[in-house]
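What you see is a predicted model; the values in this text were computed from it and never measured. Counting convention: from 1, in listed order, for ligands and their atoms alike.
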Amino acid sequence: MNQPTTSLELVNATRRFGGIVAVNDLSFKVPQGTICGLIGPNGAGKTTVFNLISGFYTPTSGKILFEGEDITGNPPHIVCRKGIARTFQNIRLFSSASSLQNVMVGAHLRQKNPWWFPIVPFLADKEEKMVHDRAHTLLERLGLADVANAPAGSLPYGAQRRLEIARALATNPRFLLLDEPAAGMNPHESSDLMEFIKNIRADFDLTILLIEHDMKVVMGICSHIWVVEYGQCIAEGDADAIRNNPKVIEAYLGEEYLQYA
Ligand SMILES: Nc1ncnc2c1ncn2[C@@H]1O[C@H](COP(=O)(O)OP(=O)(O)OP(=O)(O)O)[C@@H](O)[C@H]1O
Ligand SMILES: [Mg+2]
C-alpha cells in the first residue's frame, strides 16, 4: 500500500521557556487532506506546538517541515504565505470592525502584488476592490453574508468563531490550524461546527490540525489524534484507540469520561 503524502511534519521539536520544557522532543506527521487532533491536559504544550508551526515561536531544537520544505524559524507572515493559517484559542477579531473588514485583513495578507502597488492610487483602488470582492465571496460561501456589515463583536459566539476561520481562509491556506474552535460553544453550536469543519476541509481542499477539549468534536471528526502531556506524545491513534488507551484515561480523559462517552 502507498504511504499517504505528508502535509506537515514535526521532527523532534523542543521548545523551552526558561526552566519549562513546553514541547519536548515531539515528532508527528499530518497526512495530507485529513483532519487530525491534538489533545491533552491544560498546559500540556498544545498551543505552543501551534506557535512553533505558525512561526510565532522558534523551536529550541528540532525541525518543522511543510510539504517537504524546512520552514523552521520562518516568521509568521512567511509561514502564512507558504500556505499555513491559524485561529487563536482566545478570539482575536477586531470587534468594532465589520465582519467583512475582518476577513479583508486576511485577504490582504495573501496579496502577492509588489510593495508599491498600494501607493499608486489607481492600483490601490484595484487591489482594495479585489480584496473586498474576495472577502465577500468567502463570507457568502461560509453562510456569513447576512452579517457582512455587522460589527464582529456583535455576532453570537459561534458566528465569531466561524468568522475567525473565514479570516484564516482568506489567506488562501492549504493547511489550517484551529486552536479550540469549539471552546465556549453549546452542544448545538459544536455539532454545527463539526459539519462546518468537515465541509471547509472538502470545499477548500485543506489539511486541518485542531486542538480541542470537546471530545465529541475530536472523536467525531479526527481521523488521527495525538495526545500530549508535559510536551510529549503519550499516545496516538484513531478515536477508538485513544478512547480505550489506559494511559490517556489516566492522564486526561478520566474515569468519568468512560461513563458518559
Ligand atoms: N511565552 C511563554 N513564556 C513562558 N511560558 C510559556 C509561554 N507559552 C507557554 N508557556 C508555558 O508552556 C506550557 C505549555 O503551554 P501551552 O499554552 O502550550 O499549553 P496548552 O496545552 O495549550 O494548554 P491549554 O489546554 O490550557 O490551552 C505551560 O506551562 C505554559 O505556562
Ligand atoms: Mg492552549
Side-chain angles (χ1 to χ4, degrees), residues 8-28 30 35-64 71-77 79 84-93 157-158 160-162 164-165 167-168 175-186 189-190 193-194 197 208-222 224-237 239 242-243 245 247-254 256-257 261:
L8 183 102
E9 181 174 4
L10 245 71
V11 189
N12 306 110
T14 293
R15 173 67 206 209
R16 294 171 190 275
F17 296 106
I20 297 171
V21 190
V23 177
N24 192 354
D25 198 26
L26 190 64
S27 299
F28 60 75
V30 183
I35 302 175
C36 292
L38 203 56
I39 66 170
N42 292 120
K46 305 178 299 293
T47 297
T48 306
V49 169
F50 275 21
N51 284 329
L52 293 177
I53 296 169
S54 52
F56 284 76
Y57 297 144
T58 304
T60 310
S61 59
K63 278 199 285 194
I64 295 150
I71 60 161
T72 320
N74 281 321
H77 68 283
V79 175
I84 299 180
R86 71 174 294 181
T87 63
F88 294 89
Q89 189 165 344
N90 303 310
I91 290 178
R92 291 195 192 178
L93 291 167
Y157 194 76
Q160 289 195 30
R161 286 258 171 218
R162 272 191 288 151
E164 269 219 308
I165 296 175
R167 184 174 59 187
F175 194 96
L176 184 61
L177 297 157
L178 302 175
D179 197 346
E180 298 196 25
M185 287 189 174
N186 62 39
E189 284 175 323
S190 61
L193 180 81
M194 286 163 71
I197 292 174
I208 297 179
L209 178 62
L210 59 90
I211 295 172
E212 193 44 73
H213 287 291
D214 183 331
M215 285 306 109
K216 194 162 168 268
V217 172
V218 174
M219 305 292 182
I221 61 175
C222 295
H224 198 90
I225 300 160
W226 291 274
V227 188
V228 285
E229 189 191 24
Y230 299 117
Q232 287 182 308
C233 181
I234 59 163
E236 66 167 293
I242 296 302
R243 222 185 251 127
N245 185 314
K247 259 189 179 169
V248 181
I249 294 165
E250 193 192 324
Y252 181 53
L253 296 178
E256 320 82 85
Y257 172 78

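- Scanning all protein heavy atoms for the shortest distance to atom 12 (O) of ligand 1 gives Ala22 CB, 3.3 Å.
- Contact atoms of ligand 1 toward Glu180: 25 (O), 27 (O) (distance under 4.0 Å to a heavy atom of the residue).
- The distance from the Mg ion (ligand 2) to the nearest N/O/S atom of Gln89 is under 2.8 Å.
- Looking at Thr60, its side chain does come within 3.5 Å of a backbone N or O of Arg16 through a donor-acceptor pair.
- Remark: atom 21 (O) of ligand 1 lies closer than 4.0 Å to at least one protein heavy atom.
- Side chain of Ser54 to main chain of Pro76: no donor-acceptor pair is present (N/O by atom type, distance under 3.5 Å, no hydrogens or angles).
- Of all protein heavy atoms, the one lying nearest to atom 27 (O) of ligand 1 is Gln89 NE2, 2.7 Å.
- In this structure, Phe50 does not count as a contact residue of ligand 1, since none of its heavy atoms falls inside 4.0 Å of the ligand.
- Residue Thr48 approaches ligand 1 through these ligand atoms, each under 4.0 Å from one of its heavy atoms: 9 (C), 14 (C), 15 (O), 16 (P), 18 (O).
- Among protein heavy atoms, the minimum distance from atom 1 (N) of ligand 1 is reached at Tyr57 OH, 2.9 Å.
- Counting atoms of ligand 1 from 1 in the listed order, those under 4.0 Å from a heavy atom of His213 are 25 (O).
- Checking Thr47 against the Mg ion (ligand 2), an N/O/S atom falls under the 2.8 Å cut-off.
- A donor-acceptor pair under 3.5 Å is absent between the side-chain atoms of Arg86 and the main chain of Ala168, judged by distance alone.
- By the 30° and 60° cut-offs, the orientation of the rings of Tyr252 relative to His213 is tilted.
- Protein heavy atom at the shortest distance from atom 23 (O) of ligand 1 is Gly43 N, 2.8 Å.
- No salt bridge links Lys247 with Glu250; every basic N to acidic carboxylate O contact stays at or beyond 4.0 Å.
- In this structure, Glu236 CD and Leu38 CG are separated by 11.5 Å, a value rounded to the nearest 0.5 Å.
- Considering backbone and side-chain atoms alike, Phe17 places every N or O at 3.5 Å or more from each N or O of ligand 1.
- Remark: atom 30 (C) of ligand 1 lies closer than 4.0 Å to no protein heavy atom.
- Close to ligand 1: Gly45, with a non-hydrogen atom less than 4.0 angstrom away.
- Evaluated for a side chain to side chain contact (heavy atoms under 4.5 Å, CB included) with Ile234, the options Val227, Asn245, Val228 yield exactly one hit, Val227.
- A donor-acceptor pair is defined here as one N or O able to donate and one able to accept, closer than 3.5 Å; no such pair exists between the side chain of Glu212 and the backbone of Gly37.
- In terms of protein heavy atoms, atom 17 (O) of ligand 1 is closest to Thr47 CB, 3.8 Å.
- Considering backbone and side-chain atoms alike, Ile20 places every N or O at 3.5 Å or more from each N or O of ligand 1.
- Within the 3.5 Å criterion, the main-chain N or O of Val21 finds no donor-acceptor partner in the side chain of Tyr230.
- For atom 25 (O) of ligand 1, the nearest non-hydrogen atom from the set Arg16, Glu212, Lys46, Glu229 comes from Lys46.
- In summary, the atoms of ligand 1 found under 4.0 Å from a heavy atom of Ala44, numbered by their order in the structure, are 19 (O), 20 (P), 21 (O).
- Remark: side-chain polar atoms of Lys46 are paired, donor with acceptor, to backbone N or O of Gly40 under 3.5 angstrom.
- Nearest protein heavy-atom neighbour of atom 26 (O) of ligand 1: Asn42 ND2, 2.9 Å.
- Between atom CD1 of residue Ile39 and atom CE of residue Met215 there is a gap of 4.0 Å, rounded to the nearest 0.5 Å.
- In the model, Thr87 has no side-chain atom that pairs as donor or acceptor with a side-chain atom of Glu164 under 3.5 Å.
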